[in-house]
Amino acid sequence: MSTLQSVSENTAPLPPAGTTLLETRGIVKSFGAVQALRGVDFEARSGEVTALLGDNGAGKSTLIKCIAGTYIPDCGEILVGGVPQHFHTPSDATRAGIETVYQDLALCDNLDVVANLFLGREQVHTWIPSVFRTMSEERMEKFSTDALSTLRINIPSVRNQVAQLSGGQRQSVAVAKAVLWSPKVVILDEPTAALGVAQTRQVLDLVLRLKERGLAVVIITHNMVDAFEVADIAIVMRLGRRVARLKVSEVTPEDVVAAITGARTFDDLAKA
């Protein structure tokens, strides 16, 4: 059993590569008179990276927030491992095996790496039941060190404050925090935004390692180079609808841009 699984709340093995772990069917979401999602279908499979692409206002963020439990869809279904789910809070999505890393990373700069990885899930040692408990600092530090090592994330020390880390290291810690509890699906919102070349390479390599571990990885990005670097499938949204699901190896960046802008239709492109 891996170190990450040993501290997980859900140690069930992931299914074979290619198994649909996350699916949405006909998701609709409106904000007043504005219909942000118009019956969106979406799939993410184990051992695959799915890039969710589209122009600003296409509905990408709204779809992800419905999947992550931040928004409640007006209608439609969300299934995890083939089981229908009804998310009312982000905690519901987390318990179902979906972890989302947003652009702001949700890390506490003034805390060290260990504290950030276990924030809200601290490991405790009970000395006197219901009377005296202490945090298991050594245990959390060991788990953190082993988890980062398993994912091949290089951090000078897990006791360094997050504020002392580079952008790539901070992004990697946020991803490690998500996968520490053995989710089925990891969603990364613009994971390489504002990163330099070397830091971007570090994060993209980490995305590929998550894929190798059998997770279903979803990346939302405007960077076509990054999408073609790591993604197996590209799902394109436009004006609140899914307009294409493409096998990245069979299309070009120009094809995807044409789908994003509406210059070409789904039937013109290679279907996945």
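Sequential numbering from 1 along the given sequence is applied to the chain's residues.
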Ignoring hydrogens and geometry, is there a side-chain-to-backbone donor-acceptor pair from Thr19 to Pro15 under 3.5 Å?
no

About how many Å separate CD1 of Ile235 and CD of Glu43, when rounded to the nearest 0.5 Å?
5.5 Å

Is Leu208 linked to Leu206 within one hydrophobic cluster, defined over Ile, Leu, Val, Met, Phe, Trp and Tyr using a side-chain heavy-atom separation of less than 4.5 Å?
yes

Which heavy atom of Val218 sits nearest to which heavy atom of Ala44, and what is that distance?
CG2-CB, 3.9 Å

Is there a side-chain contact between Glu99 and Thr94 in this structure, where contact means two heavy atoms from C-beta onward sitting under 4.5 Å apart?
yes

Is a salt bridge present between Asp41 and Arg245, judged by a nitrogen-to-oxygen distance below 4.0 Å?
no

My understanding is that only one of Asp74, Ile67, Leu37 makes a side chain to side chain contact (heavy atoms under 4.5 Å, CB included) with Ile27; could you say which?
Leu37

With rounding to the nearest 0.5 angstrom, report the CG to OG1 distance, Asp189 to Thr221.
9.5 Å

Donor-acceptor check, side chain of Lys211 to backbone of Val49, threshold 3.5 angstrom: yes or no?
no

CD on Glu48 to CG on Leu215, rounded to 0.5 Å:
12.5 Å

In the structure I gave you, are the side-chain heavy atoms of Val113 and Phe118 within less than 4.5 Å of one another anywhere?
no

Tell me which pairs pass salt bridge (charged side-chain N to carboxylate O under 4.0 Å, His left out) where either residue lies in residues 151-166, with sequence neighbours left out.
Asp112-Arg159, Glu137-Arg159, Glu141-Arg159

Nearest heavy atoms of Val243 and Ala259, plus distance in Å
CG2-O, 3.8 Å

Just do the salt bridge (Lys or Arg N to Asp or Glu O under 4.0 Å) check on Arg201 and Asp205 with the steps written out, would you?
CA-CA 6 Å; Arg201 180 72 266 164; Asp205 286 344; 2.9 Å; yes

Would you name the heavy atoms of Ala93 and Ala68 that are closest together and state the gap between them?
CB-O, 3.4 Å

Quick one: CD on Gln103 to OG on Ser61, what's the gap to the nearest 0.5 Å?
8.0 Å

Determine, for Arg45 against Glu23, whether the closest basic-nitrogen to carboxylate-oxygen distance falls under 4.0 angstrom.
no

Give the C-alpha distance, both sets of side-chain angles, the deciding distance and a yes or no for side-chain contact (heavy atoms from CB on, under 4.5 Å) between Val256 and Met224.
CA-CA 9 Å; Val256 176; Met224 205 63 65; 3.8 Å; yes

Thr70 and Tyr102: CA distance, side-chain angles, deciding distance, side-chain contact (heavy atoms from CB on, under 4.5 Å) verdict
CA-CA 12 Å; Thr70 303; Tyr102 293 103; 3.5 Å; yes

Can you check whether Leu246 reaches Ile233 side chain to side chain, under 4.5 Å on heavy atoms?
no

Begin with the C-alpha distance, continue with both residues' side-chain angles, and end with the deciding distance and a verdict on salt bridge (Lys or Arg N to Asp or Glu O under 4.0 Å) for Asp109 and Arg170.
CA-CA 9 Å; Asp109 287 350; Arg170 289 162 59 89; 2.8 Å; yes

Under a 3.5 Å distance rule, please check whether Lys29 uses its side chain to pair with a backbone N or O of Gln35 as donor and acceptor.
no

Keeping Thr24 on the side-chain end and Phe42 on the backbone end, is there a donor-acceptor pair under 3.5 Å?
yes

With rounding to the nearest 0.5 angstrom, report the CD1 to OG1 distance, Ile72 to Thr89.
9.0 Å

Same hydrophobic cluster for Val225 and Val207, using side-chain heavy-atom links shorter than 4.5 Å among ILVMFWY?
no

Under 3.5 Å, is there a donor-acceptor pair between the side chain of Ser149 and the main chain of Thr145?
no

Could you tell me whether the side chain of Arg242 and the main chain of Met237 form a donor-acceptor pair under 3.5 Å?
no

Ignoring hydrogens and geometry, is there a side-chain-to-backbone donor-acceptor pair from Asp255 to Thr252 under 3.5 Å?
yes

Answer yes or no: is there a side-chain heavy-atom contact under 4.5 Å between Asn160 and Ser157?
yes

May I ask whether Val217 and Ile153 are part of the same hydrophobic cluster, defined by side-chain heavy atoms of I, L, V, M, F, W, Y residues being less than 4.5 angstrom apart, directly or through others?
yes

Non-hydrogen atoms of Ala176 and Leu148 that approach each other most closely:
CB-CD2, 3.8 Å

Exam field: side chain Gln169 to backbone Gly167, donor-acceptor pair closer than 3.5 Å:
no

Answer yes or no: is there a side-chain heavy-atom contact under 4.5 Å between Val230 and Ile219?
yes

Is a side-chain N or O of Ser30 found less than 3.5 angstrom from the main chain of Gly32, in a donor-acceptor match?
no

With a 4.5 Å cut-off on side-chain heavy atoms, are Val173 and Ile155 touching?
yes

If you compare all heavy atoms of Ser172 against all heavy atoms of Gln202, which two are closest, and at what distance to 0.1 Å?
OG-NE2, 3.5 Å

Least distance between heavy atoms, Phe228 atom then Pro253 atom:
CZ-N, 3.4 Å

One should read off an interatomic distance between Leu188 CG and Ile220 CD1, to the nearest 0.5 angstrom, of 7.5 Å

Cut-off 3.5 Å, side chains only: do Thr192 and Asp226 have a donor facing an acceptor?
yes

I'd like to check Val101 versus Ile187 (side-chain heavy atoms, cut-off strictly below 4.5 Å). Are they in contact?
no

Please determine whether side-chain contact (heavy atoms from CB on, under 4.5 Å) holds for the pair Cys108 and Val162, giving the CA-CA distance in whole Å, both sets of side-chain angles, and the decisive distance to 0.1 Å.
CA-CA 7 Å; Cys108 298; Val162 164; over 6 Å; no

Would you say Tyr71 and Val80 are hydrophobically clustered, going by side-chain heavy atoms of ILVMFWY under 4.5 Å?
no

Between His222 and Asp55, do the side chains contain a donor N or O and an acceptor N or O under 3.5 Å apart?
no

Between Val203 and Leu165, is there a shared hydrophobic cluster once you connect ILVMFWY residues whose side-chain heavy atoms come closer than 4.5 Å?
no

Just checking Asn154: does its CG atom have more than 12 heavy atoms from other residues, nucleotides or ligands closer to it than 6.0 angstrom?
no

Before giving the answer on side-chain contact (heavy atoms from CB on, under 4.5 Å), spell out for Lys184 and Ile98 the whole-Å C-alpha distance, their side-chain angles and the decisive distance to 0.1 Å.
CA-CA 6 Å; Lys184 300 179 179 71; Ile98 298 172; over 6 Å; no

Quick one, Trp181 and Leu117 - any side-chain contact, counting heavy atoms below 4.5 Å?
no

For the pair Ser46 (side chain) and Pro16 (backbone), establish whether a donor and an acceptor sit closer than 3.5 Å, ignoring hydrogens and angles.
yes

